[in-house]
Amino acid sequence: MPDEHQADGSPEPAPGRADDGRSPEANNDGRQARGGERDDRAPREAGAADDGRDAAHDEAAEQERERAAERFREYTRDPLAEEQSEDGPTDLAAASRARRSTRMLFDTGRDLNSFDRSYIRSAHIGDIHLRMDARQSTSVMRSGPVPEEELLRLRRVHVEPEGYLALSNALRARRLLVLGAAPGTGRTSTALALLDEVTALSAGCADAESPARPRVLRVDPNGGVRGLAESLGGAPGGKATAERPATGYLLELALTQPGSPPPDTMDLDALAAALDRCQGFGVIVVPVGSATNPLLAGRYGMLCLPVPTKELLTTRLQERLEDHVAEAGGDVPDGGHRVADLLSQAEELAGREDVRDAVGLKDLRPAEAELLASLLAGHLLEDVTYEELLTGCRSLAAAQAQEWFAGVDRLPATPPAERNAVARPGTAALFHPVAFRIALAVLGGASHSAVAAAAHLLTWELSVQSDPDSTPARPLFCDDPESDLALSRGELVNGRVEVAGTEVEAQLIWYRGSALPAAVLSEIWDRHFPVRAPVVRWLRLLADDPRPQVWIRAAVAAGELCVRDFDHGYADLIRPLAEAATARRRIFAATMVDQAAGHASHRKAVQHLVDEWSRQGTKSLRWTAAMALGYGNAAATTEASLNALARIGGRDDGEQLAVASLNIVRLLALRDSATVLRKLADWTRHPREAYQDLGLATTVRFAVTRVAEVLDDEPGSPLGDRGDWPLALALAVTHPELVGPIADLLWTALNTPRSQEVAMDALDTLLRSAERGDGTEWTRPGLAALLPALTAEEHDRRRLDWLLRRLMNDPENPLPDAQARSLWWLAVPPRDRTGKEERHG
């Protein structure tokens, strides 16, 4: 970039090219055409003078060139911008990141279409008893004594949660304890263990002559706290039904149905007084949540923390193995050594990656730990094969999902006089917990507010489906985040979400287990057919949500549902959305199609469907097919994907060339980049103008498209850590062998009149990306690789010199002189520098 070299205008067209802008460089040798390049501006201008063309002819030619350039600019604009504004952001990068994180939830290493549905409830395999009866809900239990055998086993296997001593001391001091925990976390076992402990010491003294007297009783929840107090003679006029000194009472309150308010403080005080008079103890088990927060914050309330999974599993394993050794008749010393050895092997087996993936749960509840312990012990004792072990492990999440949704709306018949009064508020309250679980399965990893809002939408749809004659109503201040998390095995984590291209802090929500999302979707789709209609309507609503964290996650989950029943999914979701008027709905359909293509069972069918759309589909179907092809799974090979995209882009005077070129760039970010570049070079030399335009437009587009906008499902890709780089420069650094083809394509675009203007803008963007705003290095290594190949001849260097000077003189955003000179020296190798350049810089 010597000082005495002055550029006086925009770079001239390539030699031998007509000014009408109709064809790119026609030389079949590609880059070799640059060797004979010369500056022919002067001869052309002289010829023009000699020909005596008048001003009107010149003006007409200039207008035609401008029209050709404007048409080409249309080809390179963002085809998704129609959803917001002509030049507005389309959140492609945010959508790509959301899709990658969502696909991880369903990437379990197996085809979801054959997701294991064989539930192990109770079975004998050899001498191992697989007991799933502990999973049965305790809400069906009524009043009655707890057998001594159950208490005996409880003493043997119960694992004390953190804070157990504080719970025991509080129960001894107050006689009454309100224990709060999520269902299934071992809260009932802890309550029984507490009552067994505090009543054991006084049992013999209080009733030595009646050793068979039960010490712990379960109380019918229908009577509630007031009923129990009255039975103990604790209410005015009440009379004790029996004299049971030093007895423990267990009362479990669901508090989940409409019209079931929690007990008040006066009722608890009356019960505590009655227990004190008869020297008894009582534990009231309640769920956590806003409904019970006042109880747990009162003088009798305490939280029961879940038992750590490792200790719980170890205890259950030890029980199984000790039972086996005892049944085998081993003596105590050898038996103890054998148990320790087996226990070590079992823990090692449980730590294997494939076993952990099959379980797919972060925390095990007591019944789940019991089943897993039985399976591990059975495999070590050669009674359970490894495949049976993995199958049993997979059944844990499936059984949890079945428990969540079984008979949710199977309620007692409501009298006609009360139906309207109860159904309107009650239906929504009934369906909200299950709606939240479904929303979390679909949107896991999104912000908590997004999942909660989606759950409310689904609650409405479920309520309308269940009771179409009534308008669902839901109180405005009834949300219970603690209860939602506890009842759905969810967890909140601090994270970030993208808003208008900027990351902001947010609370994200996930299932505590990678297997739960797929298990929930399988459960509702396969076992509850009436739920499909409201879920489909809900997914269509989510397809219109402008937030990528919502609509792209919903699209991936909808694709998984389509795999479960493709005929139903195609008719109700894929085809209607593929023909929609809005781009976002069509991308939603394309994402569903690609998700189905990710399963071997559906890949060929999807590829055939997309091929038909690209050949004979309507305009909307061809557009959707182009977006599906960009994922790389909707055709058998990269070559087939490119051919289909060329068919779509080359039809109807390039009406859909923009969306075709966008998806060719998406393919370029995948593994087979060399094939895509070769195809682009072939198109720029094609005799048909439509193919030439497709090659040129794609070249300009990939020069400025950021990696994060198009990179999909490539966890090991070297491009992954260059998400904010232009794709052309990222490929130049990570794949040096592609520098030549990339430079050839850019050179052709820069020297073709109709693409010259937008190609120069693209080169402007590349040059400005060398350094960040704070002066730190950004894409300079990519420019160092690409610029020398792009400026091999004098004509190319004059163009670069002119562009750098224009950037330096930009009145709004001037390029610093030092940075411009640094870029010049990147382009001009030392061997090509002249003495004047070395002196003047």
Side-chain angles (χ1 to χ4, degrees), residues 137-144 146 166-168 170-185 187-188 190-192 194-195 198-199 216-242 244 247-304 411-412 422 425-426 429-430 433 475 477-480 482-483 486-487:
S137 174
T138 57
S139 62
V140 300
M141 297 181 180
R142 297 305 181 190
S143 296
V146 178
L167 296 176
S168 177
L171 180 58
R172 293 176 190 275
R174 301 167 190 161
R175 297 283 179 177
L176 178 62
L177 182 65
V178 178
L179 195 64
T185 56
R187 60 184 188 173
T188 302
T190 299
L192 288 174
L194 289 168
L195 292 173
V198 297
T199 59
V216 180
L217 297 174
R218 289 189 175 94
V219 180
D220 188 344
N222 289 333
V225 172
R226 188 170 299 179
L228 177 57
E230 291 176 354
S231 70
L232 298 175
K239 183 178 181 180
T241 59
R244 299 191 183 101
T247 300
Y249 300 90
L250 172 62
L251 175 60
E252 297 187 61
L253 300 179
L255 302 179
T256 57
Q257 299 299 330
S260 57
D264 57 31
T265 304
M266 293 182 63
D267 290 334
L268 295 176
D269 288 338
L271 177 56
L275 289 169
D276 186 60
R277 283 194 294 272
C278 66
Q279 300 299 304
F281 301 90
V283 176
I284 303 174
V285 176
V286 298
V288 294
S290 59
T292 57
N293 281 344
L295 288 178
L296 299 177
R299 67 173 66 94
Y300 304 106
M302 296 188 73
L303 289 175
C304 179
L411 298 176
V422 175
L430 176 69
F477 299 96
C478 65
D479 275 8
D480 186 355
E482 296 87 355
S483 181
L487 297 177

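Note that these values count all heavy atoms, side chains included, but never hydrogens, waters or copies made by symmetry. Along the sequence shown, residues carry numbers from 1.
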Quiz item: Where do Gly282 and Leu275 come nearest, in terms of heavy atoms and distance?
Solution: N-CD1, 3.5 Å
Quiz item: Do you know the tightest heavy-atom contact between Cys304 and Arg187?
Solution: SG-CA, 4.5 Å
Quiz item: Hey, mind stepping through Thr190 and Thr185 against side chain to side chain contact (heavy atoms under 4.5 Å, CB included) and telling me if it holds?
Solution: CA-CA 9 Å; Thr190 299; Thr185 56; over 6 Å; no
Quiz prompt | Derivation of the side chain to side chain contact (heavy atoms under 4.5 Å, CB included) call for Arg299 and Thr265 | solution = CA-CA 9 Å; Arg299 67 173 66 94; Thr265 304; 3.8 Å; yes
Self-check item: Shortest non-hydrogen separation from Gly248 to Leu195 and the atoms involved
Solution: CA-CD2, 3.9 Å
Quiz item: Should Asp269 and Tyr300 be marked as a side chain to side chain contact (heavy atoms under 4.5 Å, CB included) after you check the CA-CA gap, both sets of side-chain angles, and the distance that decides it?
Solution: CA-CA 9 Å; Asp269 288 338; Tyr300 304 106; 2.7 Å; yes
Self-check item: Side chain to side chain, Ile284 and Leu295, heavy atoms closer than 4.5 Å
Solution: no
Practice problem: Calculate, to the nearest 0.5 Å, the distance between atoms CG and OG1 belonging to Leu192 and Thr188 respectively. | Solution: 6.5 Å
Quiz prompt | Asp264 side chain reached by Val225 side chain, heavy atoms, under 4.5 Å | solution = no
Quiz item: Of all residues at least two apart in sequence or in a different chain, which pass the salt bridge (Lys or Arg N to Asp or Glu O under 4.0 Å) check with Asp276?
Solution: Arg175
Self-check item: Any Thr199 side-chain heavy atom under 4.5 Å of Thr247 side chain
Solution: no
Quiz item: Roughly how far, to the nearest 0.5 Å, is CD of Glu482 from CG of Leu487?
Solution: 11.0 Å
Quiz item: Checking side chain to side chain contact (heavy atoms under 4.5 Å, CB included) for the pair Tyr249/Leu232: CA distance, chi angles, key distance, verdict?
Solution: CA-CA 11 Å; Tyr249 300 90; Leu232 298 175; 3.4 Å; yes
Quiz item: Nearest heavy-atom pair of Leu167 and Leu177: which atoms, and what distance?
Solution: O-CD2, 4.0 Å
Practice problem: Please identify each residue that fulfils salt bridge (Lys or Arg N to Asp or Glu O under 4.0 Å) with Arg174, with sequence neighbours left out. | Solution: none
Quiz item: Considering residues at least two apart in sequence or located in another chain, which fulfil the side chain to side chain contact (heavy atoms under 4.5 Å, CB included) criterion with Pro433?
Solution: none
Quiz item: If you take all heavy atoms of Pro221 and Glu252, which pair is closest and at what distance?
Solution: CB-O, 3.2 Å
Exercise. Compare every heavy atom of Leu253 with every heavy atom of Gly224, then report the nearest pair and how far apart it is.
Key: CA-CD2, 4.5 Å
Self-check item: Gap between atom CG of Leu271 and atom CD of Glu230 - 0.5 Å precision
Solution: 11.0 Å
Exercise. Under the side chain to side chain contact (heavy atoms under 4.5 Å, CB included) rule, collect the residues that match up with Ala191, sequence neighbours excluded.
Key: Leu179, Leu250, Val283, Val285
